[in-house]
Amino acid sequence: MMSSSFIVPCFNSQDTVKICIDSILHQNNINENVEIIIIDDGSTDNTLDIINKYDDRKNIKIISYAQNKGLAYARNMGITNASGD
């Protein structure tokens, strides 16, 4: 079980999503027991391409769906898929 979960909802955030994810990964207290759940909420730019570059990391989950469903839906999707506190 993961100790903590970071939920990162994204929509058309190609200019900032890499900075956000890298910032989380470079925190001193991040370890294997921390998961990052990235939800692409139907982006129409290159956001999904950028987050898919993190797919090989075992502590990162990527969730993507084609239609934009809104921030609340994306957050709830992250909470539903979280393993940590």
Discussion item. My understanding is that only residues two or more places apart in sequence, or in another chain, count here; which of them pass side-chain hydrogen bond (donor to acceptor under 3.5 Å, both in side chains) with Ser64?
Written reply: Asp40

Rounded distance (nearest 0.5 Å) linking atom [atom1] of [X] with atom [atom2] of [Y]:
X	Y	atom1	atom2	result
Lys61	Phe6	NZ	CZ	14.5 Å
Ile7	Glu35	CD1	CD	8.0 Å
Ile62	Ile37	CD1	CD1	11.5 Å
Ser13	Asp45	OG	CG	6.5 Å
Ile39	Ile63	CD1	CD1	5.0 Å

Provide the closest heavy-atom pair for [X] versus [Y] in the form atom of the first, atom of the second, distance.
X	Y	value
Ile38	Cys10	CG2-SG, 3.8 Å
Cys20	Val8	SG-CG1, 3.9 Å
Ser43	Phe11	OG-CA, 3.3 Å

What side-chain donor-acceptor pairs closer than 3.5 Å can you find for residues 66-76, not counting sequence neighbours?
| unit_1 | atom_1 | unit_2 | atom_2 | d |
| --- | --- | --- | --- | --- |
| Asn68 | ND2 | Asp41 | O | 3.0 |
| Asn68 | ND2 | Asp41 | OD2 | 3.1 |
| Asn76 | ND2 | Ala72 | O | 3.2 |

Discussion item. Main chain of Thr47, side chain of Gln14: is a donor-acceptor contact present, judged purely on distance under 3.5 Å?
Written reply: no

Under 3.5 Å donor-acceptor pairs involving side-chain atoms of residues 48-56, not counting sequence neighbours:
| unit_1 | atom_1 | unit_2 | atom_2 | d |
| --- | --- | --- | --- | --- |
| Asn52 | ND2 | Leu48 | O | 3.3 |
| Tyr54 | OH | Asp22 | OD1 | 2.6 |

